[in-house]
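Written below as structure tokens is the structure these notes are about.
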Amino acid sequence: MSLAKRIIPCLDVDNGRVVKGVKFVDIRDAGDPVEIARRYDREGADEITFLDITATHDNRDTIVHVVEQVASEVFIPLTVGGGIRTLDDIRRMLNAGADKVGINSAAVFRPEFVKEAAEKFGSQCIVVAIDAKKVSPEGEENRWEIFTHGGRKPTGIDAVEWAVKMMNFGAGEILLTSMDRDGTKSGFDLALTRAISEAVGIPVIASGGVGNLDHLADGILEGKADAVLAASIFHFGEYTIEQAKRHMQARGIEVRL
Amino acid sequence: MSSVAVIDYGMGNLHSIAKALQHADPQTQVQISADAKVIQDADRVVFPGVGAIRDCMQSLRALNLVEPIMQAAREKPFLGVCLGMQALLTDSEENGGIGCLNLFPGHVRRFTDGLRDQHGGILKVPHMGWNRVKQKSHPLWHNIAQDSRFYFVHSYFVTPDREEDSIATSDYPDPFTCALARDNMFAVQFHPEKSQEVGLQLLQNFLRWDGAA
């Protein structure tokens, strides 16, 4: 095999600044997104994901400008998620220079949106973002449910079934976040990651909970993910992307160095 | 000043490739166009594309772009990318079988679902990410190391009838042709515009290429 497993740094962008909260509160400022994207590109990031968490509609154009600036000098795949609700939103991001968009709650509210988006723009640019939380009691067979509103609102939808449905609706990739782990630095939910990755035929990006480099490798080796996404361990300079790749390579994972 | 026309036929996002071409050679005039005249007058032509092959062929016909493309492919340095590569074959099995431009005799087939790598991991379709490219000698590989990784995202791959048309291969898990070349034509399955330095190098090589193999 020679397809490399991917490392994707994620930039949570609020009003044009990179931030990363712990369980979506206590947000720390991590800096200028264009500068950070440039650094990740130099360090060997395989892709970069921007998650726009800007709350007010008026300020949503800031992410477009960020993407435009990054796309004019960083030539690796760029994904933008957060607030993608219409075909126009997608077109705007692609025109700004994004290669893929992440669709999250809009897919939950109206799954056909994913189908329409894939038909219009092609599956290769449609990433369905799934926020899942374990709902089965300890000791019982694992079951995860889809949550919306930053992990606050349950939907009753089974996460594995949802992933398969999204694949059938034309998603090209799944970005899977464990809401139990996000921001905790205790590692991916490996059982969840594996359950979804083995259930779908499309690539799965594991997200939520990375606190050290072994967590990244575990996501690939035990979670069977095709790519791993992390935010804070890279933003605050704890590790570089290159260190992460060397570590994964030492654990027998094929990476791009 | 030399010029390159990026053919715009409504199949996907051409901003990335236009920006990358401009970055690879700031002196080149990059034009995104569906105008036959612009394509005719350009020194070089890039034929990009993402999406499904039926829509691709329909758009080319609806916009009267088949003849300008065939002419450019005969006359000047011509680069097909991704779907713009697959459209150069005889036909594709996508969408139940679609006839294509037949500039490279051969067929486009889909990766088999559910294949596994040697560790037992499922090989996902689309084939997405950075894979090694084993190149054969050609001027467009200038300054690009053997086995360099390029960024791919595709579910279908080309199988040229003539082995000599294949100018590079990748493995997934079996070897498949990821670049084609003949005379002034070159085509790649991966995305040079998303492949960082090696991709920009390939685009720069194309922008300096006189079309001689």
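Residue numbering restarts at 1 for every chain, and letters A, B, ... go by the order of the sequence lines. Side chains included, hydrogens not; waters and symmetry mates left out as well; all remaining heavy atoms used.
When heavy atoms are compared at a cutoff of 4.5 Å, A:Ala227 does not approach chain B at all. Only the side chain of B:His127 comes within contact range of chain A, with heavy atoms under 4.5 Å apart. In this structure, no portion of A:Ala118 lies under 4.5 Å from any heavy atom of chain B. Neither the backbone nor the side chain of A:Ser123 comes within less than 4.5 Å of any heavy atom in chain B. For chain B, the nearby part of A:Asp226 is the side chain; its heavy atoms alone come within less than 4.5 Å. Only the backbone of A:Val255 has a heavy atom closer than 4.5 Å to any heavy atom of chain B. Contact annotation for B:Ala20: both backbone and side-chain heavy atoms come within less than 4.5 Å of a heavy atom of chain A. Heavy atoms of B:Leu200 lying under 4.5 Å from chain A belong exclusively to its side chain.
Counted by atom type alone, B:Gln196 and A:Arg256 present one or more donor-acceptor pairs between their side chains at under 3.5 Å.
With chain B as partner, the option from A:Pro77, A:Ala71, A:Gly252, A:Ala96 having the largest number of non-hydrogen pairs under 4.5 angstrom is A:Pro77. Interface check for chain B: of the options A:Ile202, A:Val74, A:Leu94, the most heavy-atom pairs under 4.5 Å are formed by A:Ile202.
A:Ile76 approaches B:Lys194 most closely through the heavy-atom pair O-NZ, 3.1 Å. Shortest non-hydrogen contact noted between A:Gln124 and B:Val153 is CB-CG2, 3.6 Å. Across all non-hydrogen atoms, the minimal contact from B:Ser16 to A:Asp99 is OG-OD1, 3.3 Å. Here the closest non-hydrogen pair linking A:Lys100 and B:Tyr151 is NZ-OH, 3.1 Å. Nearest heavy atoms, B:Pro126 versus A:Pro203: O-CG, 3.8 Å. Residues B:Ile122 and A:Ser197 approach most closely at CD1-O, 4.3 Å, considering heavy atoms.
Between the B:Trp130 side chain and the A:Asp46 main chain, a donor and an acceptor come within less than 3.5 Å of each other.
Crowding of B:Glu163 atom CD: a count of heavy atoms from other residues, nucleotides or ligands under 6.0 Å not exceeding 12. Heavy atoms of other residues, nucleotides or ligands lying less than 6.0 angstrom from NZ of B:Lys136 number more than 12.
At least one side-chain heavy atom of A:Arg6 sits less than 4.5 Å from a side-chain heavy atom of B:Met128. In this structure the side chain of B:Glu197 never reaches within 4.5 angstrom of the side chain of A:Phe75, judged on heavy atoms.
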Practice task
Would you please test A:Glu254 and B:Arg132 for side chain to side chain contact (heavy atoms under 4.5 Å, CB included) and show each step?
Solution key: CA-CA 11 Å; A:Glu254 190 159 350; B:Arg132 292 189 187 282; 4.1 Å; yes
